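Just follow the structure's listing: the first ligand is 1, and inside any ligand the first atom is 1. Here the structure is a predicted model, which is why all the values come from computation and not from measurement.
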Amino acid sequence: MTAITNHMPTAELQALDAAHHMHPFTENGALAEKGARVITRAKGVYLTDSEGAEILDAMAGLWCVNIGYGRDELAEAAARQIRELPYYNTFFQTTHVPVIALSAKLAELAPGDLNHVFFASGGSDANDTNIRMVRTYWAEKGKPDKKVIISRHNAYHGSSVGSASLGGMSGMHAQGGIPIPDIHHINQPDWWSEGGNMTPEDFGLARARELEEAILELGEDRVAAFIAEPVQGAGGVIVAPDTYWPEIQRICDKYEILLIADEVICGFGRTGNWFGSETLRIRPHIMTVAKGMSSGYQPIGASIVCDEVAAVIGACEFNHGYTYSGHPVASAVALENLRILQEERVIEHVRDVAAPYLKQQLETLSDHPLVGEVKIVGMMGSIALTPHKDTRAKFASEAGTAGLICRERCFANNLIMRHVGDRMVVSPPLVITPDEIDILINRARKSLDECHATLKERDLMRAAS
Ligand SMILES: Cc1ncc(COP(=O)(O)O)c(C=O)c1O
């Protein structure tokens, strides 16, 4: 077989891809007909495809490339570590320098007494660790029945059997025999779509109190933990009303429920602080991290655990771990990424420059006839598409029809934005500049205009009754 390189014609690469590569979350048969877009390189906030188009990546890959593409320092860190110690495990009373350094660094950055780190290869398996860890914690404390984990509908916590069970994606639960037992879901705090005539404040309280109702219904002695993303990402950048999180914190405190903050997207600057828990003022016992920890340059995830839980887990043999837990190369790259985030003051750039400007510019889209709510926290934002903004109406067409058309227009205009149902989502690299934000917004507006024209043409601007 000849070498497959960046220089092959796009059609040949697409044909090979279609023949042998099964894409995640994709109808592969349909994609094979169309051909996948082939990305060949990237720098800063731009991707280049095999046709030479420069695409502004307003999703930072999958919400992960926080420092932007093409940083040589991370390539050097990986090369150095591969030469020195490409792999060793941390199972049998051994450790190595990159994992020691990264653990200490994460303990320093994480709020409160989150001082202990259990590594994984990504967010899904870190959440699997959490399921087993919180249940083991309560069992070790003599409460083996305390094993129900409460989560939320439309949450995303990963794609493994455990983490997808925690998640509340109905499409995922429809396949493969999940959820596993003892996971319970309550409703999400999505005021725009589900708030009806309530004020956002009352709605936020009502949705938080569903946690209390669930605990009382299931029995306090059966509930181990509540897990939630500080801001729901894959669910469509759902920002809870201000009343929600203080009430959730009160309930977790009152009933001694462990709080797990899934920071896989929110962590490492995305919300304008190191962690979303700081932005939303919550005090988790465990934080799930991944993505921005290495800016996606290496696959790595972790559970960052508080002193009390770590002490209880540390007093037993926790029969859990992954071959690549604390992988030396991934750890070295993550450390270098954290150094850059810190020394280049990327979180300050988000707070003082990029996030305020992105908010201001994204909000200029509110005057567009297709745009309902614009929501943004730090560098994660969403735009709800609607056929009738005054009534927060949904489209009569199947959910996601308008969103998909809009995403396709974005793609054609060399802008990566994702659609979640009929919401458009942005989550660009944190290092994006105001000039690049202008380009992002211009392309988004053009795509919205084109989407609007198509919807009108196809008589799809009708509201659901
Ligand atoms: C909040 C959250 N948790 C967990 C995951 C799963 O992470 P991974 O895809 O690295 O397994 C994701 C991925 O998008 C996520 O957004």
Separation between OG of Ser193 and CZ of Arg423, rounded to the nearest 0.5 Å: 5.0 Å
Test applied, side-chain hydrogen bond (donor to acceptor under 3.5 Å, both in side chains); reference residue, Gln188; option that passes from Arg207, Glu229, Glu194: Glu194
Closest contact, heavy atoms only, Leu430 versus Phe268: CD1-O, 3.4 Å
Atom-level proximity to ligand 1, residues with heavy atom under 4.0 Å: Gly122, Gly123, Ser124, Asn127, Tyr156, His157, Gly158, Glu229, Asp262, Val264, Ile265, Lys291
Pairwise salt bridge (Lys or Arg N to Asp or Glu O under 4.0 Å) hits with a residue in residues 230-247, at least two apart: Arg209-Glu247, Glu247-Arg250
Ring-face cation contact, Phe411 with Arg37, 6.0 Å cut, 45° max: yes
Salt bridge Lys146-Glu256, side-chain N to carboxylate O under 4.0 Å: no
